[in-house]
Amino acid sequence: MDTVDDKANTVLQVIERYKNTVFRIAFAYCKNRSDADDIFQEVILRYLKARPEFNSEEHEKAWFVRVTVNCCKKHFFSSWNRKTMPIDEDIRFETAEQSDLFYAVMDLPLKYRIVIHLYYYEGYKIKQIAEMTKQKETTVATQLQRARQLLKTRLKEELIYG
Amino acid sequence: MDRDVYKSAFDNIEVSDKAVHDVIQKAAEINSQKGYRRKRRIGVLVPAVLLSIMIITVSVSAATGLTDIFSRYFSQLFTAEDTGFDDYSAEFIEKNAAYDYTTYSQDGVTMSIEGIIGDMNFLLLKSKLTAVDGYDEGTLAAFMSPKLYIGELKQGILPATCYRNIVDEGNDPLVKSAAYLFNYDDVETLLGRTDTETLTGKTATLVIKNTNAYEPIEIDLAEALEQSGEISIEGSDDLNAIPLSKLSIPFGNDFRSSIVLKSVCFVNGKLVLVIDSSGYYENPSIFLRDKISDRIIYHCDGILSAGKGNLEFYAFDIGDIEALENLEIVMPEEHHISLPLSVDNPKELDISGIDQSNIKGVTIESIRVSPLSLNIEGRVQEGTPIVAFENCAIRFKDNSVVKYTANGYYHSKDGVYSTGVPFGKPLDINLMDAVIIECNQTTLEIPIN
């Protein structure tokens, strides 16, 4: 039987393992640290309350991604009379290329940002993103394509399609 | 796009130490709590399985359908930059008093639906919750948090976003006024655009899910395991390696008939239920309850298999086959209230006189106003950043002006731009004089009548 210390350690390990995955998805969604912090905390607390069982780390990560996306939607749309929040200014980039890309992505419409992030950062396939975001594969594929087109326009350069 | 550049750009985004610290503190608090919340049961015997589908005939109308109950409630609702609003609201309600009334009771809690109004973006539902002695707290909590689904309940459908306002009105008995503002604008991916054309004739379903009360599913796990052939796999965690039996046992005769048990097996000392819930409207959670103690022992959210179609795998840490004799599958109680949804046409404003030359990003094609919101539609100009119409106002005939903020999102699909500006409280269109839209240092003024 797990001791209290074992349980606490497990929780800490899970937080450490997924904190930035969750936060980055939330940030891509909300574009500001404050809301992303809230979502990060909500996801972790949901995990603690549900204590879902996983068969592998891949499944565990998929659970966190799916719940984060759900929390983002809930958080974003529940903010009544919400005003547009500016993107945080304190982010530092090593290269102009990184900076340009980051702000171009942040400038994308909401539904494109999340798809782009799951595809390019987390490396999920279209089918997996469709399952996580509860959309049709064709919808995700279309969103991905349109997001790339928008980025291409905004970055004014030839993109290398991944 | 180069994936490495993308990753390096987002590697700079990291959660703050404070947020981690805060959540660890909360985690410690949760870990220190134990046991289950006790339910307060009423003295009379209540059937364990309670599912009711009520049909409420509601004409969601711009001019009718309000109850005077709204009047004393709206002053506390959805406050925004509209402090001068209550007079309009009261007058509007007084003129348009009408009643659509129904009640629904369970476990000592009664929900009385007192009025509904809706438009192309929102549905506002006013209800009263009354709880008598010995009421079930879980039922009250469930009634306070209903979800609204537009269209048929089916797999993957998303509920409309809900903003609620619940006010205590009395303690003996416990009475709460509850108003829910549902925004179905964001379910456009499932319905296409949610305008009057697509909404008319559709059904909205209010789903009340009680996660503190469970309905047993009439499936004998031990027998199902026997029918499955006692499949047992050792040494592999690959769910896709599980051979499927010919089992096909639905979870019920009602809406849960679309959840079907396809296989029961043991994998590495764990009980695995393989389920096809492709006809059910959301990914189900499965709970196992001890028949003797009546306590929920196991809970699993399931894992969708990438390799086996729509099948989901639910793994429970049960190594002993004999334990199945005392376990039953249960799921949270659900109550469905069906609302035939019809939306009267909102008022279309004449925009021919406005100068759009200074508006960047969007060419406005229509502006419609209803008692609940303002809707702006147009065409997105390719290659130009879209500018949301963040600040809008209604000027009333007495020259007072009330400002509203766009709800922070819009959707542009195939070059079509659409955004909704909620009023928060119902307004009488007949008292409005003009819509004022601020955009890109340009102010548009569109007369309403």
Side-chain angles (χ1 to χ4, degrees), chain A residues 4 7-8 11-12 15 19-20 22-24 27-28 33 36-37 40-41 44-45 48-50 52-56 59 63 73 76-84 91-94 97-99 101-102 105 107 109-110 117 120-121 123 127-128 131 134-135 139 148 151 153 159-162, chain B residues 1-3 5-10 12-16 18-20 22-24 26-28 30-31 78 80-81 156-158 161-163 181 183 186 189 237-239 267 270 285 298-301 303-304 306 313 315-317 383 385-386 388 390 404-405 407-412 422 424:
Chain A
V4 173
K7 285 180 182 173
V11 169
L12 290 175
I15 292 173
K19 64 179 186 183
N20 285 326
V22 169
F23 186 77
R24 283 170 188 141
F27 193 95
R33 287 187 183 279
D37 275 347
F40 159 75
Q41 293 188 1
I44 298 298
L45 293 175
L48 291 169
K49 285 177 183 170
E53 298 179 44
F54 304 107
N55 280 18
S56 68
H59 292 138
W63 185 92
K73 285 178 182 172
F76 188 83
F77 289 118
S78 66
S79 301
W80 192 248
N81 284 335
R82 185 179 187 79
K83 293 183 177 175
T84 306
I91 303 163
R92 299 281 180 266
F93 297 96
E94 291 173 10
E97 190 182 20
Q98 287 177 7
S99 172
L101 178 59
F102 176 83
V105 170
D107 206 27
L110 178 65
H117 186 81
Y120 282 102
Y121 193 92
K127 181 179 173 62
Q128 292 170 306
E131 287 169 359
K134 293 183 178 174
Q135 297 183 101
T139 304
R148 284 165 167 163
L151 286 173
T153 305
L159 303 179
I160 303 163
Y161 283 22
Chain B
M1 179 161 57
D2 190 329
R3 186 168 270 155
V5 177
Y6 186 95
K7 290 194 85 163
S8 62
F10 270 80
N12 292 297
I13 308 298
E14 292 187 337
V15 68
S16 67
K18 183 182 182 304
V20 175
D22 288 351
V23 83
I24 286 173
K26 287 178 190 171
I30 289 172
N31 265 341
F78 317 126
E81 302 168 63
I157 193 169
L158 297 172
T161 305
C162 177
Y163 183 87
L181 187 60
N183 179 353
D186 57 305
T189 51
D237 281 333
D238 183 7
L239 293 173
V267 179
K270 287 193 174 187
S285 294
Y298 300 98
H299 160 225
C300 186
D301 284 337
I303 296 161
L304 184 64
F313 296 83
F316 300 92
D317 196 11
I386 298 170
E390 288 182 10
Y404 302 96
T405 306
N407 45 15
Y409 57 94
Y410 54 88
H411 41 89
S412 60

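Just so you know, these numbers come straight off a predicted model, no measurement behind them. So you know, we letter chains A, B, ... as the sequences are listed, proteins then strands, and number each from 1.
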- B:K7: what forms a salt bridge (charged side-chain N to carboxylate O under 4.0 Å, His left out) with it, not counting sequence neighbours?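 Listed in chain order: nothing, the list is empty.
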- Would you check if A:Q98 and B:F10 make a side-chain contact, meaning some heavy-atom pair closer than 4.5 Å?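 No. Closest side-chain heavy atoms not under 4.5 Å.
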- Within-4.5 Å side-chain heavy-atom neighbours: B:V15 and A:F27: no
- At their closest point, which heavy atom of A:N20 faces which heavy atom of B:I13, and how far apart are they? OD1-O, 4.3 Å
- Heavy-atom pair of closest approach, residues A:V105 and B:Y6: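 In terms of heavy atoms, the two residues are closest at CG2-CE1, 3.7 Å.
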- Partners meeting side-chain hydrogen bond (donor to acceptor under 3.5 Å, both in side chains) with A:S99 (sequence neighbours left out):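 In terms of side-chain hydrogen bond (donor to acceptor under 3.5 Å, both in side chains), with neighbours along the sequence ignored, A:S99 is linked to no residue.
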- Of all of B:C300, B:S285, B:S8, which one pairs up most often with chain A through heavy atoms under 4.5 Å apart?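 The residue among B:C300, B:S285, B:S8 with the greatest pair count is B:S8.
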- Query: Between the side chain of A:R33 and the main-chain N/O of B:E14, is any donor-acceptor distance below 3.5 Å?
  - Reply: yes
